[in-house]
Every structure is written in structure tokens, then in C-alpha cells.
Amino acid sequence: MIDNPYSTAVLAWYERNARDLPWRADGASPWSVLVSEVMLQQTPVVRVLPAWEAWMRRWPTPADLAAEPSGEAVRMWNRLGYPRRALNLHACARTITERHGGEVPDDHAELLALPGIGAYTAAAVASFAYGQRHAVLDTNVRRVLARAVTGVQYPPKAATRGETALAEELLPENAPTAVRWSVAVMELGALVCTARSPACADCPIADRCAWRAAGYPAYDGPPRRGQRYAGTDRQVRGRLLAVLRASPGPVDKPALDAVWDDPVQRERALDALIADGLVDPLDDGRYALPG
DNA sequence: AACACGTGGGA
DNA sequence: TTCCCAAGTGT
């Protein structure tokens with residue numbers, strides 16, 4: 001049975017080229033899949049691998065993490081980036097423990113209600129942890145579909161209804177096949193149909209690729225300006241949190257003041273971290289990771 | 001609907 | 001060096 005014009009070739013390619021990632025192993029728990037998906041939000045696989053191993057070794061179940069203060073999750077997060085994801089995971093663990101009997105929910109809507117779990121992650125966990133049929137639309141899938149089907153170099157900056165409709169239309173009917181298709185397209189985007197230099201010679205669907213057929217027209221949309229980092233509040237927040245993570249206990253204000261010259265920006269960043277729940281201001285004037 | 005939100009590696 | 005990008009989410 002042919003589900004879409006690409007499925008046979010893509011599934012066969014995945015069969016031979018899938019990476020051996022631990023969260024794809026047969027025995028991988030739903031919790032371990034959820035943790036991997038959150039860590040992989042905007043963070044490359046190679047950097048997630050060791051962090052995931054350490055995290056799962058320390059907190060094999062949601063209850064294990066729920067029993068700890070949130071600051072331990074932030075500390076364990078180390079330099080993965082976007083540390084509020086650590087807070088989200090901790091909050092997920094508490095909710096799962098208190099309201100879902102300690103089991104990661106298998107219902108898409110319940111997953112979506114968890115903190116830090118959006119459209120992509122809910123679909124990914126329902127698919128990869130529970131074998132359900134959902135359109136999984138991440139940056140890899142969006143790029144592959146933009147090229148192979150739509151014939152353009154890059155998808156729009158934000159996912160559109162049209163992209164979601166297309167992904168659902170291409171999704172195989174049979175649930176296990178749909179799951180396989182989803183992970184296979186993601187893998188194709190990650191390994192072959194990459195953003196900068198796609199390896200079209202290795203692509204199983206190059207002969208049906210609309211972008212290739214059109215002669216690889218260059219992206220012509222509005223300039224996609226990257227976000228600057230140096231000098232931003234984000235950089236200051238990063239430095240502040242690095243000091244807290246490196247210290248086994250609370251730190252004095254001067255230790256934090258030392259990371260950035262501009263006091264206005266420094267205070268603004270610290271206040272924001274406190275508001276976000278990533279830093280705890282103690283009564284004695286010192287600061288700590290949240291308890 | 002833009003924008004904020006970390007970090008590091010490759011070209 | 002600078003810029004782009006990496007399994008996004010929340011506001």
C-alpha cells in the first residue's frame with residue numbers, strides 16, 4: 001500500500017540510515033522520550049546526548065525529579081541553553097506525579113497542557129512514546145516538505161495552517177507506519193536535506209523533489225534576520241545563571257555584579273530571572289537556584 | 001504576529 | 001570574525 005508518493009523511498013532510506021539514538025531504543029520509557037524532546041527543542045542532538053544520559057540516570061521517573069527542588073533541575077541542565085526548559089521539565093514531573101498517577105499522559109490534549117509542551121512536542125511524544133498517529137511538524141519536516149513538495153528552499157518563518165494540512169495529508173493511515181514516517185522524514189531533514197548544504201546525491205526522493213526539479217531556486221522571501229546574542233539581556237542572564245550553577249550554595253550579590261558592567265542591564269536581567277523562577281532571592285540578601 | 005529566550009559549532 | 005542554525009514555546 002502506497003501512502004504518499006514519498007513514503008516507500010523515505011521509509012526504506014530510514015531503515016538503512018537511522019541513527020542509533022538512545023531515546024529511540026525499544027525499552028525507552030515515555031518519560032525518557034519526553035525528556036529527550038524537551039532537550040532537543042532548539043538544541044543539537046550531539047549536545048543533548050550526554051545531558052540526556054545523565055538526566056535519565058539521575059531521574060529515571062517523573063516521581064524522582066518531582067521529589068527534588070526545581071533548582072536541581074536547573075543545575076543539572078548545565079549549559080544546554082534556554083534553562084526555563086529545565087523548570088518546565090520539573091513542573092511536568094510534578095504535574096505528572098500529582099495528577100497523572102506518575103505516568104506521562106498518552107492523550108495529546110493532556111500533553112499539550114503540560115508546561116513547555118507545545119504542538120510539536122505533544123505530537124512527538126504521542127507518536128514516539130505511544131505509537132499514535134499525529135502529524136509531527138518540526139523544523140526538519142517543514143524543510144523537507146517545503147523543498148520536496150512545495151518546491152521552495154525554505155519554509156516560512158512560522159508554521160502555517162497550510163504546512164500542517166500538508167503534513168496531515170501525507171501522514172500514512174496506519175498508526176505504526178505514520179510514526180515510522182514521521183521519524184523518517186525528521187531524520188532525512190537532519191542528515192540529508194539540511195539547511196545549508198543538502199546532500200541531494202544521497203536523497204531517496206531526489207527524483208521527486210519539486211525544488212530540485214525547479215532548478216534549486218534561491219529563497220526569495222523577506223530577509224530572515226538572525227537574533228543577535230552578544231550584549232543582550234540573554235547573554236547577561238546566561239552569565240548570572242552560570243555563577244549560580246557553579247556554586248554549591250547561595251552566592252553574594254557582588255559575585256553576581258562581577259559578571260556584567262552595566263548595572264541597569266544587570267539588574268534588569270536578574271529581576272527577570274527571579275520573575276521567571278530561575279533565581280531565588282534569599283532573605284539575607286544572597287541569591288540561589290530555586291528551592 | 002513579532003519577539004524573547006542560551007549556547008556552541010561549523011562555514 | 002561574523003553569521004547561521006539547531007527535534008520550539010509562551011506571550
Side-chain angles (χ1 to χ4, degrees), chain A residues 18-19 21-24 28 32-52 74 77-89 91-92 111-129 134-145 153-161 163-164 167 179 182-191 193-198 219 222-245 259 265 268-269 271-273 275-278:
Chain A
R19 285 169 293 180
L21 302 174
W23 46 84
R24 288 179 182 162
S32 76
V33 172
L34 190 160
V35 170
S36 77
E37 291 300 341
V38 171
M39 287 184 169
L40 286 162
Q41 293 170 358
Q42 300 286 280
T43 303
V45 168
V46 287
R47 250 192 295 160
V48 166
L49 243 13
W52 182 88
V74 175
W77 198 252
N78 200 9
R79 304 187 66 83
L80 267 190
Y82 293 144
R84 63 179 172 191
R85 290 183 292 165
L87 242 28
N88 288 152
L89 232 24
C92 279
L111 286 165
L112 203 48
L114 262 18
I117 308 299
Y120 162 75
T121 305
V125 173
S127 295
F128 307 144
H134 294 279
V136 176
L137 200 59
D138 79 324
T139 190
N140 291 303
V141 175
R142 294 182 63 218
R143 189 174 53 252
V144 171
L145 298 188
Q153 187 176 18
Y154 297 118
K157 280 206 274 257
T160 63
R161 298 295 277 275
E163 289 181 85
T164 302
V179 170
S182 295
V183 71
V185 179
M186 285 176 62
E187 194 77 336
L188 185 62
L191 300 182
C193 193
T194 57
R196 296 195 181 161
S197 49
Y219 175 80
R224 327 136 90 224
R225 81 158 185 290
Q227 24 197 6
R228 207 126 275 93
Y229 179 64
T232 63
D233 286 10
R234 291 159 74 180
Q235 182 178 25
V236 186
R237 290 166 56 111
R239 289 191 183 184
L240 255 12
L241 217 46
V243 171
L244 274 302
R245 272 196 314 260
V259 308
Q265 188 176 23
R268 183 173 65 227
D271 287 345
L273 284 172
D276 288 348
L278 285 163

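Within every chain, numbering begins at 1; the chains are lettered A, B, ... in the order of the sequence lines, protein sequences first and strands thereafter. What's counted below: heavy atoms across the whole structure, side chains too, no hydrogens, waters or symmetry copies.
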Among the nucleotides [options], which one has an atom lying closest to any side-chain atom of [X]?
X        : options             : result
A:Arg196 : B:dG6, C:dC4, C:dA7 : C:dC4
A:Arg234 : C:dA7, B:dA4, B:dG8 : B:dA4
A:Val45  : C:dC5, B:dG6, C:dA7 : C:dA7

Checklist entry - A:Arg84 CZ to B:dA4 C1': how many Å, rounded? => result 7 Å
Checklist entry - Rounded to whole angstrom units, what separation is found between the OH atom of A:Tyr229 and the C1' atom of B:dT7? => result 6 Å
Item to check | Separation between the C1' atoms of B:dA2 and C:dA7, rounded to whole Å | outcome: 23 Å
Checklist entry - Do A:Asn88 and A:Arg85 have side-chain atoms, one donor and one acceptor, less than 3.5 Å apart? => result no
Checklist entry - Counting N and O atoms only, with roles assigned by atom type, does the side chain of A:Tyr154 sit under 3.5 Å from a partner on the main chain of A:Ala195, one being a donor and the other an acceptor? => result yes
Next on the checklist: Keeping A:Arg24 on the side-chain end and A:Arg19 on the backbone end, is there a donor-acceptor pair under 3.5 Å?
Outcome noted: yes
Checklist entry - With distance as the sole criterion, do the side chain of A:Thr43 and the base of B:dG6 form a donor-acceptor contact below 3.5 Å? => result yes
Checklist entry - If you take atom types as modelled and just measure distance, does the side chain of A:Arg47 reach the base of B:dT7 with a donor-acceptor pair under 3.5 Å? => result yes
Checklist entry - Can you tell me how far the CG atom of A:Leu278 sits from the CZ atom of A:Arg237, to the nearest 0.5 Å? => result 6.5 Å
